[in-house]
Amino acid sequence: MHIRSLLSALLISAAAVTNTAAGNAAEIAIVPLPASVTTAQGSFTFPATVTYSVPAYTGDSINVLLQRMIPELQKATGSKFRTSSDAIMKLELDPKLGAEAYTLDVDNDGIAITASRPAGFFYALQSLRQMLPYTSPEASVTIPVVKIVDTPRFGWRGFMLDEGRHIFGKEEVKKLLDAMAAYKMNRFHWHLTEDQGWRIEIKKYPRLTDVGAFRGSRSLGWIGLEPDTMRYGGYYTQDDIREIVAYARDRFIEIIPEIDIPGHTQAAVAAYPELLACDPENPHEVWLMQGVSDDVMNVANPAAVQMAKDIIDEITPLFPFPYIHLGGDECPTDKWKENAACQSLLDSIGSTKYRDLQLYFYKQLTDHIALKPAADQRKLIFWNEVLHGNTGMLPDDITIMAWVGADKAAHEAAKRGLNTILTPQIPYYINRRQSKSPTEPVTQGHGTETLKAVYDYVPVKDIPADLHDKYLGVQGNFWSEYVMTPELLEYLMFPRLAAIAEAGWTPQQKRDYDSFRNRVRALRPMLDAASINYCTHEFQAEGETPDVFEQL
Ligand code: ACM
């Protein structure tokens with residue numbers, strides 16, 4: 001048996017003890033930590049048949065949710081579940097609770113759950129699930145008497161995956177959505193376009209994927225690193241997208257597609273140079289390198305603006321959620337400066353700052369969206385570099401995603417009256433090395449973004465109270481320049497994703513790293529049961545040699 005499996009097996013039995021013992025709060029391992037957990041003497045043992053009752057709700061959605069989750073509860077408890085008006089597990093509506101809030105009350109005789117909306121019931125069941133074992137129980141399952149009163153700190157608890165550089169596929173995305181849901185995360189920001197690959201089918205512009213989704217190297221070149229010669233690529237069809245959107249919705253996760261324009265677009269330019277390139281006479285190819293390409297869209301070409309509008313029109317019905325992300329980071333203006341059409345457009349908008357061409361491009365897109373029927377309206381999100389341009393051109397319902405100089409940028413956005421989301425590059429880019437150990441796989445960073453460093457970031461620190469409502473929440477980002485396999489993706493992402501989930505959910509004054517680490521450790525069987533290849537550095541016993549990730 002591999003040492004990792006052996007350790008996990010030991011921990012599974014440790015967690016079973018944890019999860020069957022009645023007693024104090026320390027024995028209840030829930031991640032993220034609920035807002036309030038009160039334990040008392042006593043315990044509840046799941047009988048052979050668990051009767052449950054479900055309140056009537058619009059469209060029968062709570063019942064549908066239960067139907068989906070019951071098999072998991074049956075597996076975890078070994079009990080059969082069936083509905084009954086005289087139930088031992090009662091779900092009841094409490095309209096006073098917030099949309100994602102719930103109470104979970106376990107006493108000696110049963111379980112009572114209240115929430116006002118399906119999401120609240122879903123999160124109550126996630127908490128209950130984490131209290132149960134993750135291996136088939138051999139005896140009756142017992143959980144401690146406890147009262148949990150819970151509600152999230154932030155409405156936005158996000159995770160971003162870059163599939164432009166490397167694509168991981170539908171099954172991996174679903175696996176990550178499951179993990180997000182277990183940690184009560186509710187926003188999946190899907191970075192679908194990059195210099196190195198366009199990953200979403202757009203029927204009106206088939207070359208975006210026929211050409212833009214494939215390149216002549218699997219690995220990406222960097223200083224001292226040559227691209228290989230393997231043909232590499234892939235993309236999501238619109239049917240794939242619909243399937244993943246439905247999967248996410250079942251888990252109360254909204255998807256925010258990111259079409260990163262007008263920079264980070266070399267793959268799109270290679271597909272449609274005649275519409276997008278600042279220099280269509282030159283050759284263009286899907287990029288084989290890392291870094292920031294200067295081969296950006298020609299924002300002064302009406303055909304490029306039209307193409308952006310067409311893409312927005314096509315993705316709008318695919319993603320029935322409030323937001324679309326249009327990127328806006330790292331957009332070099334060098335090619336615009338050399339382009340006569342861009343120079344004259346800059347004159348005509350009365351600015352001398354080339355960054356404003358980018359903002360004017362967005363203005364045309366927001367004007368276009370504003371003309372749509374209500375059901376097709378979408379709010380736009382941008383990376384914080386757009387603050388360097390005249391954001392006054394844009395509607396005030398745009399949201400700034402703050403990554404570089406994040407705290408300062410988010411504060412600046414809030415002062416301008418804009419909503420903002422904290423995704424600080426350091427320490428929330430969880431593709432970076434998570435330890436200084438020389439055995440760490442090759443990827444970005446210096447190993448300083450440890451689990452603890454991620455955990456210890458304090459969102460909305462020293463911000464005047466009147467700006468707090470501009471801070472929608474937090475998000476971890478994963479960039480995949482170096483990451484070619486799901487195994488490495490998971491190794492870097494876990495368990496750090498849990499630290500960001502807890503920042504998004506748990507009141508700041510309740511957060512404590514040691515408690516968090518113990519709870520994540522107790523929940524290792526949850527990750528094992530999901531076959532997630534998490535990093536174990538933080539879970540080693542004193543003197544034990546850490547697991548080494550085998551570079552593929
Ligand atoms: C980014 O990291 N370029 C948003």
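Each ligand, and each atom within it, is numbered from 1 in the order the structure gives.
- Note: Y232 and H166 have perpendicular aromatic rings, judged against thresholds of 30 and 60 degrees for the angle between ring planes.
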Please tabulate, one line per pair, the protein nitrogen or oxygen atoms found under 3.5 angstrom from a nitrogen or oxygen of ligand 1, with distances to 0.1 Å, or say none if there are no such pairs.
{"from": "ligand 1", "atom 1": "2 (O)", "to": "Y429", "atom 2": "OH", "distance (Å)": "2.6"}
{"from": "ligand 1", "atom 1": "3 (N)", "to": "D329", "atom 2": "OD2", "distance (Å)": "2.7"}
{"from": "ligand 1", "atom 1": "3 (N)", "to": "E330", "atom 2": "OE1", "distance (Å)": "3.2"}

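- In this structure, CG in L33 is found 11.5 Å from CH2 in W505, a value given to the nearest 0.5 Å.
- Evaluation of the side chain to side chain donor-acceptor pair (under 3.5 Å) rule for R416 yields T391, E412 as partners, not counting sequence neighbours.
- Side-chain atoms of Q475 and Y428, non-hydrogen and from C-beta on, never get closer than 4.5 Å to each other.
- Within the structure, side-chain hydrogen bond (donor to acceptor under 3.5 Å, both in side chains) contacts touching residues 340-350 (residues at least two apart or in different chains) do not occur.
- Under the side chain to side chain donor-acceptor pair (under 3.5 Å) criterion, Q290 pairs with no residue at all, not counting sequence neighbours.
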